[in-house]
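Take a look at the structure set out below.
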Amino acid sequence: QVQLVESGGGLVQAGGSLRVSCAASGRTFGLYAMGWFRQAPGKEREFVGAMSRSGGTTYYSHSVRGRFTISRDNAKNTAFLQMNGLKPEDTAVYYCAAKPSTRTNSYYLSEYEYDYWGQGTQVTVSS
């Protein structure tokens, strides 16, 4: 129903910033709640942040709160993850995910609630 393609990952020094984008196909992007997750080698996938269909309501994990910002531009079928103050422990593959939602202001915290996933993009933070 929707395909997600990420871009913007790369290598950055500790304390730096990076902006990751998630481009979605289809004509109903505005009906999906979106989430961001990350996974480091040998570790389970970890919740990063989530937002409602409009992007007006957001929620972040404690580990990234205050440093990361998620947003979306529904007219451009794109979700964003702005990462500031990056730390080496932020090194991971970052994924965007979509969940069709009938609730305007709802967001979802569990990876198991999402139906569609991007391919992931590597973010490496050097010290």
Side-chain angles (χ1 to χ4, degrees):
Q1 191 72 14
V2 63
Q3 294 181 2
L4 307 174
V5 179
E6 295 171 279
S7 62
L11 175 65
V12 63
Q13 293 185 60
S17 298
L18 202 64
R19 187 198 197 207
V20 175
S21 298
C22 175
S25 67
R27 307 180 68 86
T28 57
F29 181 65
L31 300 181
Y32 291 82
M34 296 293 296
W36 286 96
F37 296 81
R38 66 186 182 184
Q39 186 168 28
K43 294 183 170 60
E44 293 185 1
R45 189 155 52 195
E46 175 189 14
F47 172 78
V48 174
M51 59 185 161
S52 60
R53 282 160 41 174
S54 69
T57 305
T58 58
Y59 185 85
Y60 302 90
S61 71
H62 185 265
S63 62
V64 308
R65 192 171 298 157
R67 299 187 298 121
F68 290 10
T69 303
I70 57 175
S71 60
R72 64 196 295 167
D73 186 341
N74 288 349
K76 296 184 176 181
N77 273 27
T78 306
F80 303 97
L81 173 62
Q82 177 68 47
M83 299 177 284
N84 299 325
L86 283 163
K87 306 174 181 179
E89 51 262 45
D90 294 319
T91 295
V93 177
Y94 283 74
Y95 300 90
C96 64
K99 171 182 168 54
S101 179
T102 60
R103 298 164 64 94
T104 302
N105 301 312
S106 293
Y107 51 83
Y108 305 92
L109 309 183
S110 172
E111 63 180 302
Y112 304 109
E113 298 180 281
Y114 289 88
D115 300 279
Y116 305 99
W117 294 81
Q119 80 285 358
T121 186
Q122 177 71 48
V123 173
T124 302
V125 184
S126 64
S127 59

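All values below were derived from every heavy atom in this structure, side-chain atoms included, with hydrogens, water molecules and symmetry-related copies excluded.
Val123 is linked by a side-chain contact (heavy atoms from CB on, under 4.5 Å) to Leu18, Val20, Met83, Tyr94, Val125, counting only residues two or more places apart in sequence or in another chain. Take Tyr114 and apply the ring pair (Phe, Tyr, Trp, His ring centres under 6.0 Å) test, not counting sequence neighbours, and it matches Phe37. In this view, Ser126 and Leu11, Gln13 satisfy the side-chain contact (heavy atoms from CB on, under 4.5 Å) rule, not counting sequence neighbours. When the ring pair (Phe, Tyr, Trp, His ring centres under 6.0 Å) test is applied to Phe68, no partner is found at least two apart in sequence or on another chain. When the side chain to side chain donor-acceptor pair (under 3.5 Å) test is applied to Glu111, the partners found at least two apart in sequence or on another chain are Arg45.
By the criterion of side-chain heavy atoms lying less than 4.5 angstrom apart, applied directly or through intervening Ile, Leu, Val, Met, Phe, Trp or Tyr residues, Met51 is grouped together with Val48 in one hydrophobic cluster. Taken together through direct or relayed side-chain contacts under 4.5 Å among Ile, Leu, Val, Met, Phe, Trp and Tyr, Val93 and Val64 form parts of separate hydrophobic clusters. The hydrophobic clustering, which links ILVMFWY residues whose side-chain heavy atoms are closer than 4.5 Å, places Tyr59 and Leu81 apart. In this structure, Phe47 is not a member of the same hydrophobic cluster as Ile70, with clusters built from ILVMFWY side-chain heavy atoms closer than 4.5 Å.
Between Asn77 and Arg27, the closest side-chain pair of non-hydrogen atoms is not below 4.5 Å. In this structure the side chain of Arg53 never reaches within 4.5 angstrom of the side chain of Asn74, judged on heavy atoms. Residues Cys22 and Met34 have side chains in contact (heavy-atom distance under 4.5 Å, counting atoms from C-beta outward). Side-chain contact between Ser63 and Glu46 is present, with at least one heavy-atom pair separated by less than 4.5 Å.
Rounded to the nearest 0.5 angstrom, Lys99 NZ and Tyr116 OH are separated by 10.5 Å. To the nearest 0.5 Å, atom OG1 of residue Thr57 and atom CG of residue Asn105 are 4.5 Å apart. In this structure, the separation between OH on Tyr108 and CG on Asp115 is 10.5 Å, given to the nearest 0.5 Å.
Summarising the local packing, CD of Gln1 is surrounded by 12 or fewer heavy atoms from other residues, nucleotides or ligands at distances under 6.0 Å. Surrounding CD of Gln122 are more than 12 heavy atoms belonging to other residues, nucleotides or ligands, all under 6.0 Å away.
Residues Pro88 and Ser127 approach most closely at CG-CB, 3.9 Å, considering heavy atoms. Closest of all the heavy-atom pairs between Ala24 and Leu4 is CB-CD2, 3.6 Å. Residues Ser106 and Ser101 approach most closely at CB-OG, 4.4 Å, considering heavy atoms. Minimum heavy-atom separation, Ser17 to Gly85: OG-N, 4.4 Å. Pairing each heavy atom of Gly56 with each of Ser52, the nearest pair is N-OG, 3.5 Å.
Geometric assessment of Arg72 against the ring of Phe29 yields a positive cation-pi assignment under the 6.0 Å and 45° thresholds.
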Between Tyr60 and Thr69, is a side chain to side chain contact (heavy atoms under 4.5 Å, CB included) present by the stated rule, with each step listed?
CA-CA 8 Å; Tyr60 302 90; Thr69 303; 3.7 Å; yes
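Phe80 belongs to no multi-residue hydrophobic cluster, having no ILVMFWY side-chain contact under 4.5 Å with any other such residue.
Side-chain atoms of Gln82 do not come within 3.5 Å of backbone N or O of Arg19 as any donor-acceptor pair.
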